[in-house]
Structure formats: C-alpha cells, structure tokens
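Taking it in order: structure first as structure tokens, then the write-up.
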Amino acid sequence: MTILFLFLVLFVLMFIGVPIAIALGLSGSLTIMLFSPDSVRSLAIKLFETSEHYTLLAIPFFLLAGAFMTTGGVARRLIDFANACVGHIRGGLAIGAVLACMLFAALSGSSPATVAAVGSIAIAGMVRSGYPQAFGAGIVCNAGTLGILIPPSVVMVVYAAATETSVGKLFMAGVMPGILLGLILMVAIYIIAVKKNLPALPRASFREWLAAARRAIWGLLLMVIILGGIYSGMFTPTEAAAVAAVYAAFVALFVYKDMRLREAPKVLLESGKLSIMLMFIIANAMLFAHVLTTEQIPQTITAWVMEMGLTPWSFLLVVNLVLLVAGAFMEPSAIILILAPILFPIAVKLGIDPVHLGIVMVVNMEIGLITPPVGLNLFVTSAVTGMPVGRVIHAAMPWLLMLLGFLLIITYVPAISLGLPDWLGMS
C-alpha cells in the first residue's frame, strides 16, 4: 500500500507539471505523514542532512570549475588542439569536435556544459567549412553526453553518495567506456565523411601541432590534476573538485586572461544558482530515498525479484528498459537517487558489481539527455545553433541508435568498465 501510494503521488504530480524536486519532496512528505511512525520534524532534519553529505560537496566545486573553463575560452583552445590532431582526416572537423568533447568532458563533469562550450564554436566552424548544420548539431549533441561518462562526473558523484560506492573507482571505471564511445563516434563520422565526400582540413605541421598543444596545455593539465591527485591518494574526489575550481579560476583569470577579475563574481553567481538548483533536487530526492529505506521498499522489491528468479542478464535488461523510460522524462540526478537505492541491493544479491551497475546507469542517463521530450542536450544544442528543437531531435536520432548499441556492449561486457580499476588495484 505504501509503495503504491508513494509512486502514485509522484507520477500524478509529475504528470500535472509539478517540478521534479517538489514532486519528490511532496510525495515523500505525504507518505511519512500518512503511513510512517516518523515525526514530521524528521522531514526538515532529512532535508538538511543532505548538505552534510561530504561526497556531494564535490558537485558545486566541479560545476564552478566547469563554469570558469567554459567562460575562460579553454574550449576554443581544446578545439584548436583537436583539429591539429585529427583535422586532416576526411570529416576531420567533426572528428575534432568529438575529441574536443572528450577533452572538455574531462574538465567539466557536466553534459550540457560540454555541449554549450564545444557546440557554440565547433558547429559554426563546421558550417563555415561546408558541413550540413544538422550533421554538426547531431554529432555535438551526442558527443556532449560524454560530459557525464568521462570523469569527473557530477552524476557519478550522486550515484556514489546514494550507494556508498567509491567515487575514485567510479571515475576510473568511466575512462575506458568514455574513450570507447568517442572512438565509435569518430569511426562512424569517418565512414559517413568518406561516403559523402565531406571536407578535410590541411594537415597541421609538427610546429603548428606543438603550438596548439602549448595553448591547450593548461586546460589539459586539469584532468591530470584531478585523476592523478585522486589515484595517487594526494586528495579525495571532493578535495580534487575544490582544487579543480581554484585551478580553473587561476587559468581563466591569470594565465589565459580571457576573463577579467570583475567578471568573476558573475561566474560565481551563475554556478551558485546551478548548484542550488541541483542540490535542491538532490535534497528532495534524498528525502524520497529516505522514505524508500525506512519503509523497507528496496528489501521488498529485492525479495520479489529473487522470487521471480531473474538472472543477472535479464535483470540488467529490465534495468536498462526502466532507466531509458525514466531518462526521457526526468533529470539524471533525480533518477539515480530514486532508483539506485532500489536497484543496488538487487544487483549485489545477483552478484553484479556496484561499480559496473553505476556505469550502466550513467550510460542510460547519457541516452536520456538526448531523448525527447525532456532531453536537456537537445535544448542546449537548439539554443547554441538557433535550430528548432524538432530539427535537433531529427539530427540526433541516427547517433542515438549508436548509443543504444553502445549501452548493450557496456551492459554485457563488464570488463570494459572494471578493467582499469582492477588493473590499478582499486579495491
């Protein structure tokens, strides 16, 4: 009865257009008031407890680092470096855009930020060189999803907080799938470019390549600082996020000097607004997850699943179907916080590695970002290019099919996700 009421209220509120954060908070609150012996005072306590979760402190810092990197012209230098590396290949500008998305993803931790930063420069460059605008928009819209798969990733931090999984291990587990997806997109672009005879840039000389690398080096160093610092034990992921934010501000203000000091408060304010919005969703989702836990809903659902005799193979298939549907309508962090506490105990019982489950969930969230009606990357791409959302959806769909194939590979070949953490000896 409690399970039915909780989810019924949630879906009714979402259906009538109530914002996701309010819907989560209201459904959780009403369930506690009507069915739980808990005091109503526990609602306020639970909301404030969210801000004390040490792992979640990484989120505002990564968002701030991404804001400085986006505003500070780092994306332009990364695109120049990517073009110097692969621009001479047939379809090189499009391949360079994917490479730039991969590099920027390793700095920002956010998919929409990656689309906005790379798309605003790369798509216009492709159109000037003779590429169809829809082709460029479809590529960047999909490649931008790497923002939450290649570490650091805000969504991975949320999953780690919800399941008490190691953030460092999740970050390392995202490296190989992120590189693999980038390579798949590049190969597909090359095949299309050869068939359609798309243009290529002149081959960059070694001196030109070196000059582009030198200009981009300060941005590239950030990923070394984040991942190197975490793996070497120099600092935790949360401390790495704080270091990244300070470093990004230093590079934007004093090294590249693309920003003036008086512009810094505006960047702080914008990233602060984004952090508050995200943390408000997380706080209400945590309250919802608290109701799930206190009412022992995950344990009940686990028992049902075990009685049904689902194998790990069939369970992961069900997980993908549920997440693909949820991803089309909800924000990734909210989905993770609602469903991870339910799916996590079942996966553990079936012998599925929690880190592998985390990567599967993140890839599903990637697909959700480019799935209508609520795919955030679609709207960001539309804003960047000036194309109607309908045309962006049409441009992104062929690449979306590729992402679905990639999801099957990641789901059923866990070695891709777990190989690097195991090789590095991360327990």
Side-chain angles (χ1 to χ4, degrees), residues 19-21 50-51 53-78 101 103-121 144-148 150-158 160-161 167 171 218-219 221-223 225-226 235-285 331-334 336 365 369 376-377 379-380 383-384:
I20 181 67
T50 306
S51 60
H53 208 302
Y54 178 70
T55 307
L56 290 175
L57 282 173
I59 292 173
F61 287 122
F62 278 132
L63 290 174
L64 183 58
F68 274 114
M69 285 292 178
T70 306
T71 313
V74 174
R76 188 177 67 252
R77 292 172 175 86
L78 290 178
C101 284
L103 295 172
F104 195 84
L107 310 179
S108 71
S110 163
S111 185
T114 304
V115 174
V118 176
S120 57
I121 304 162
T145 62
L146 290 163
I148 60 169
I150 294 178
S153 164
V154 169
V155 175
M156 285 183 191
V157 172
V158 173
V167 181
F171 278 6
W218 288 95
L221 273 176
L222 181 56
M223 64 184 87
I225 291 169
I226 293 170
F235 34 65
T236 66
T238 304
E239 290 161 353
V243 170
V246 174
Y247 176 88
F250 174 76
V251 170
L253 292 166
F254 303 112
V255 179
Y256 289 150
K257 297 179 182 175
D258 291 315
M259 284 178 62
R260 292 176 182 161
L261 207 53
R262 67 168 179 265
E263 293 171 342
K266 186 183 174 187
V267 175
L268 290 166
L269 183 65
E270 289 303 315
S271 58
K273 283 179 185 174
L274 192 58
S275 298
I276 290 166
M277 184 181 73
L278 193 54
M279 293 304 282
F280 184 61
I281 294 171
I282 289 169
N284 282 284
E331 200 274 333
S333 299
I336 296 282
M365 296 306 95
L369 286 165
L376 192 53
N377 279 18
F379 295 100
V380 175
V384 164

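Just so it is clear, the structure is predicted and the values come from calculations on it, not from any experiment.
- Listed here is the closest heavy atom pair of A117 and S120: O-OG, 3.2 Å.
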Report task. Verify side chain to side chain contact (heavy atoms under 4.5 Å, CB included) between T114 and L146, making sure each step is shown before the conclusion. Result -> CA-CA 8 Å; T114 304; L146 290 163; over 6 Å; no
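- Checked options I282, I281, I276; the residue passing with M279 is I282 (criterion: side chain to side chain contact (heavy atoms under 4.5 Å, CB included)).
- For the pair F104 and G66, the tightest heavy-atom approach, listed with the atom from each and the gap, is CZ-O, 4.4 Å.
- Taking both residues in full, the closest heavy atoms of G144 and C101 are given as N-SG, 4.1 Å, listed atom of the first, atom of the second, then distance.
- Side-chain contact between F68 and V251 is absent, with no heavy-atom pair separated by less than 4.5 Å.
- R260 and L253 make their closest contact through O-CD2, 3.6 Å (heavy atoms, listed as atom of the first residue, atom of the second, distance).
- Under a cut-off of 6.0 angstrom, the local environment of CZ in F171 is crowded, with over 12 non-hydrogen atoms contributed by other residues, nucleotides or ligands.
- Atom-to-atom distance recorded for M69:CE and D258:CG is 11.0 Å, nearest 0.5 angstrom.
- The two atoms that bring G219 and Y256 nearest to each other are N-OH, 3.7 Å, heavy atoms only.
- The side-chain heavy atoms of L369 and I148, taken from C-beta on, include a pair separated by under 4.5 Å.
- Distance check, rounded to the nearest 0.5 Å: NZ of K273 to CG of L278 gives 16.0 Å.
- Contact check for L268 versus L64: side-chain heavy atoms found under the 4.5 Å cut-off.
- The closest side-chain heavy-atom distance from V115 to F379 is not below 4.5 Å.
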Report task. Determine, stepwise, if the pair L103 / M223 fulfils side chain to side chain contact (heavy atoms under 4.5 Å, CB included). Result -> CA-CA 9 Å; L103 295 172; M223 64 184 87; 4.0 Å; yes
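- Summarising the geometry, atom CD1 belonging to I59 is positioned 11.0 Å from atom OG belonging to S110; distances are rounded to the nearest 0.5 Å.
- Atom-to-atom distance recorded for M365:CE and L376:CG is 13.5 Å, nearest 0.5 angstrom.
- At least one donor-acceptor pair closer than 3.5 Å links the side chain of Y247 to the backbone N or O of W218.
- Atom OG in S333 sits 9.0 Å away from atom CG in L56 (nearest 0.5 Å).
- In terms of heavy atoms, A106 sits closest to I226 at O-CD1, 4.3 Å.
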message: Run the side chain to side chain contact (heavy atoms under 4.5 Å, CB included) test on L78 and L107 for me, step by step, so that the C-alpha distance in whole Å, both residues' side-chain angles and the decisive distance to 0.1 Å come before the verdict.
response: CA-CA 11 Å; L78 290 178; L107 310 179; 3.7 Å; yes
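- If you check the side chains of N377 and S111, you find a donor sitting under 3.5 Å from an acceptor.
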message = Would F254 and L261 count as a side chain to side chain contact (heavy atoms under 4.5 Å, CB included) here? Give the steps.
response = CA-CA 9 Å; F254 303 112; L261 207 53; 4.3 Å; yes
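- Here the OG atom belonging to S275 is positioned 12.5 Å from the CZ atom belonging to F62, to the nearest 0.5 angstrom.
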